[in-house]
Amino acid sequence: MMTQKGSRGGYRGKPKPKLPYHLKRVHINARIQRWMIDELKKKGEPGFILEDILIKSGFKYNEYKD
């Protein structure tokens, strides 16, 4: 029996790079307009840029420690 190449399950592309240890995916209920997301992506990783904006605006948080 001959199997077709496309019949295998699972993702076969390039794996995503690992994120730094201090980053954790957190669901946040915020709606951002698509043009704003596009602008953030042009400047770099949106998560890092948003974090920098929050810190510069005086947002205080406790560093995550495991």
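Note: hydrogens, waters and symmetry copies are ignored here, and every other heavy atom, side chains too, is used. Because the structure is a prediction, the values reported are computed rather than measured.
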>> Nearest 0.5 angstrom please: E45 CD to D52 CG, how far?
In response: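 Between E45 CD and D52 CG, I get 13.5 Å after rounding to 0.5 Å.
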>> Could you report the tightest heavy-atom contact between I49 and G44, atom names first, then the distance?
In response: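 So the two residues come closest at CD1-N, 3.6 Å.
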> Between R34 and D38, is there a salt bridge with N-O shorter than 4.0 Å?
Replying inline: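 No, D38 and R34 are not salt-bridged.
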>> Is there a path of hydrophobic side-chain contacts, each under 4.5 Å between heavy atoms, that joins I37 and W35?
In response: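 Yes; W35 is reachable from I37 via cluster members.
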